[in-house]
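Beneath this line is the structure, given in structure tokens, with notes to follow.
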Protein chains: 2
Amino acid sequence: MFQPQVVLDRSSPVPLYFQVAEQLERAIRDGDLVAGDRIANEVAWADQLGVSRPTMRQAIQLLVDKGMLVRKRGVGTQVVQAPIRRTVELTSLYDDLRRTGHHTTTDVLDLALVPADEGPATRLGCPVGTPVWRLERVRRVDGQPLALMRNHVPASVTDLGDVDFTATGLYELFRTRAIHLRVAHQTICARLADRRESRLLGVKVADALLTMERTSYDDSGRAVEHADHLYRPDLYSYETTLVDR
Amino acid sequence: MFQPQVVLDRSSPVPLYFQVAEQLERAIRDGDLVAGDRIANEVAWADQLGVSRPTMRQAIQLLVDKGMLVRKRGVGTQVVQAPIRRTVELTSLYDDLRRTGHHTTTDVLDLALVPADEGPATRLGCPVGTPVWRLERVRRVDGQPLALMRNHVPASVTDLGDVDFTATGLYELFRTRAIHLRVAHQTICARLADRRESRLLGVKVADALLTMERTSYDDSGRAVEHADHLYRPDLYSYETTLVDR
DNA sequence: CAGTGGTCTAGACCACAGT
DNA sequence: CTGTGGTCTAGACCACTGT
């Protein structure tokens with residue numbers, strides 16, 4: 001039974017289970033462990049690393065949740081025969097693109113404090129007429145328009161008045177203001193572009209677009225933001241890994 | 001601190017943590033606990049229910065993963081201010097629709113054992129030319145065409161030759177044959193319908209469609225199925241709940 | 001049968017948030 | 001400071017799988 005080298009630093013502030021998961025994940029990505037390989041059982045791992053079994057379980061569970069490992073009772077734990085794609089996380093498109101090294105720019109079409117219409121109000125769970133910030137942007141990647149993004153943020157959450165959204169993403173801003181997004185509900189669909197949208201996104205009129213509606217909640221369970229985004233399907237797709245538990 | 005009534009049955013085969021999570025979830029859905037409510041702390045719960053703290057944690061974690069609760073260190077655990085939608089699970093459209101009480105029918109357009117083309121072979125991780133079952137269906141809801149579904153299943157996984165897919169879903173079939181889907185990778189996008197697709201789905205030519213590509217892996221990490229589906233965006237959208245951990 | 005993961009206990013110490 | 005969740009230990013028994 002192959003056991004990749006795992007070294008723990010007990011003086012590190014990084015939790016033990018996370019250190020284990022990290023190094024196991026690297027072993028899989030580097031190909032030290034390949035599809036279908038069975039890894040040693042939990043007890044053996046715990047023994048070898050000098051951690052308790054629950055801690056080792058937690059490490060393995062992290063990778064199971066990421067879709068990289070599969071557990072079968074009475075059998076063992078195996079590496080999934082699958083190309084590892086990024087799992088869906090609670091990040092913004094801006095973060096995604098910057099991380100992958102693309103040059104992104106943003107055109108701000110609209111930023112204003114307005115009374116909430118029925119749509120945004122319903123989604124944010126606030127009364128119609130509540131002051132909300134309305135933000136509309138076009139996101140470009142290497143010059144090409146990629147997404148047309150409309151967002152609403154209740155004025156009670158934070159003040160967007162002085163923010164330069166050509167330089168800062170909305171989610172990045174939330175982080176700097178200690179607003180921690182924790183849960184989001186998304187609906188993804190498709191529809192045809194209208195005249196304005198096709199012009200802004202540089203596609204033909206009546207071309208297909210990917211639509212994404214999202215409401216995000218922070219760590220006190222409060223609705224913080226509603227997004228209504230349109231993506232060019234030739235430049236963007238939505239990838240997820242599903243895991244049955 | 002409000003604590004809904006939770007009753008445990010220690011003789012039940014249902015794990016304790018699951019019994020707790022179930023009843024807590026019901027309390028939230030029934031409105032006994034509402035958005036923003038703080039629930040009692042883990043130790044108090046464990047004490048009252050007579051279970052250990054790790055068990056209670058596991059119960060709460062289940063609901064956190066579902067996006068119904070939010071934990072904050074030093075503060076407590078709160079109910080998320082969000083409409084509860086179904087979280088994404090590893091189920092088929094057929095299951096989804098049957099569960100919501102709709103009348104679904106299926107037209108089988110094609111079911112054949114063929115050598116794998118490059119596309120399906122790549123996705124399934126098998127050599128080009130490997131025998132695979134090719135299945136093409138139209139799913140209807142209350143008579144209306146909803147989805148055009150093309151699936152590929154390696155012949156080595158199971159025999160689809162005698163299956164009546166007008167009466168049985170593919171995922172349902174897998175379950176009856178003890179093939180347990182555990183991980184899937186999905187890509188969701190949009191494109192225009194071509195002539196054949198628009199005819200089969202009952203939409204205008206060059207109408208927008210939602211596309212879904214999915215590869216599923218079973219509990220030994222083996223690629224079991226590749227799906228290439230097209231959905232009518234007026235009848236179907238893809239909803240998810242994202243949770244940051 | 002032996003080996004595996006699934007569940008559970010009864011504690012412990014720590015980091016962080018709010019008072 | 002107190003109270004909270006985050007991490008961790010060192011065991012235990014059980015259910016399921018494959019031989």
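Labels below follow one simple rule: chain letters A, B, ... track the order of the sequence lines, proteins then strands, and each chain is numbered from 1.
Nearer to the 5' terminus of DNA chain D, by closest-nucleotide assignment, is the contact made by B:Val75 (compared with the other of B:Val75 and A:Gly74).
Atom P of nucleotide D:dG5 and atom CG of B:Leu63 are separated by 14 Å, given to the nearest angstrom. Regarding A:Ile39, its CD1 atom lies at a distance of 18 Å from the P atom of C:dG3, rounded to whole Å. When the P atom of C:dT4 is taken as reference, atom CG of A:Leu69 falls 16 Å away, rounded to whole Å. Atom pair B:Asp219:CG and D:dC16:P shows a separation of 15 Å (rounding to whole Å applied). Taking atom CZ on B:Arg38 and atom P on D:dG3, their separation rounds to 12 Å, with Å as the unit.
The salt bridge (charged side-chain N to carboxylate O under 4.0 Å, His left out) check on B:Arg53 picks up B:Glu42, with sequence neighbours excluded. Shown here are the salt bridge (charged side-chain N to carboxylate O under 4.0 Å, His left out) partners of B:Arg150, two or more places apart in sequence or in another chain: B:Glu136. Remark: B:Asp218 engages B:Arg222 in a salt bridge (charged side-chain N to carboxylate O under 4.0 Å, His left out) (not counting sequence neighbours).
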Output a table of nitrogen or oxygen pairs between the protein and nucleotides 6-12 of chain C separated by less than 3.5 Å.
| residue | atom | partner | partner atom | Å |
| --- | --- | --- | --- | --- |
| C:dG6 | OP2 | A:Arg57 | NH1 | 3.1 |
| C:dG6 | OP2 | A:Arg57 | NH2 | 3.0 |
| C:dG6 | OP2 | A:Arg71 | NE | 3.2 |
| C:dG6 | N7 | A:Arg53 | NH2 | 2.8 |
| C:dG6 | O6 | A:Arg53 | NH1 | 2.9 |
| C:dT7 | OP1 | B:Tyr17 | OH | 3.0 |
| C:dC8 | OP1 | B:Leu16 | N | 2.5 |
| C:dC8 | OP2 | B:Leu16 | N | 3.4 |
| C:dC8 | OP2 | B:Tyr17 | N | 3.4 |
| C:dT9 | OP1 | B:Arg10 | NH2 | 2.7 |
| C:dT9 | OP2 | B:Ser52 | N | 2.8 |
| C:dT9 | OP2 | B:Ser52 | OG | 2.9 |
| C:dT9 | OP2 | B:Thr55 | OG1 | 2.8 |
| C:dA12 | N6 | B:Arg53 | NH1 | 3.3 |

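Checking each of A:Arg134, A:His226, A:Arg214, A:His229 against A:Asn151 for a side-chain hydrogen bond (donor to acceptor under 3.5 Å, both in side chains) leaves exactly one that passes, namely A:His229.
The side chain of A:Thr77 contributes no N or O atom lying less than 4.0 Å from OP1 or OP2 of C:dT4. A sub-4.0 Å separation between OP1 or OP2 of D:dT4 and a side-chain N or O of B:Asn41 is present.
Between the OG1 atom in A:Thr215 and the CG atom in A:Asp228 there is a gap of 9.5 Å [rounded to 0.5 Å]. If you take OG1 on A:Thr77 and NZ on A:Lys72, they are separated by 10.5 Å, rounding to the nearest 0.5 Å. From B:His185, atom NE2 reaches atom OG of B:Ser216 across 10.0 Å, with rounding to the nearest 0.5 Å.
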query = Reading DNA chain C 5' to 3', how would its secondary structure be written in dot-bracket notation, given Watson-Crick and G-U pairs with both distances under 3.5 Å, brackets [ ] for crossing pairs and | for partners on other strands?
reply = ||||||||||||||||||.
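Contact check for A:Asp9 versus A:Val14: no side-chain heavy atoms found under the 4.5 Å cut-off.
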In a table with atom names and distances, give each donor-acceptor pair under 3.5 Å that connects a side chain of residues 152-161 of chain A to protein atoms at least two apart or in another chain.
| residue | atom | partner | partner atom | Å |
| --- | --- | --- | --- | --- |
| A:Thr158 | OG1 | A:Arg177 | NH1 | 2.7 |
| A:Asp159 | OD1 | A:Gly161 | N | 2.7 |

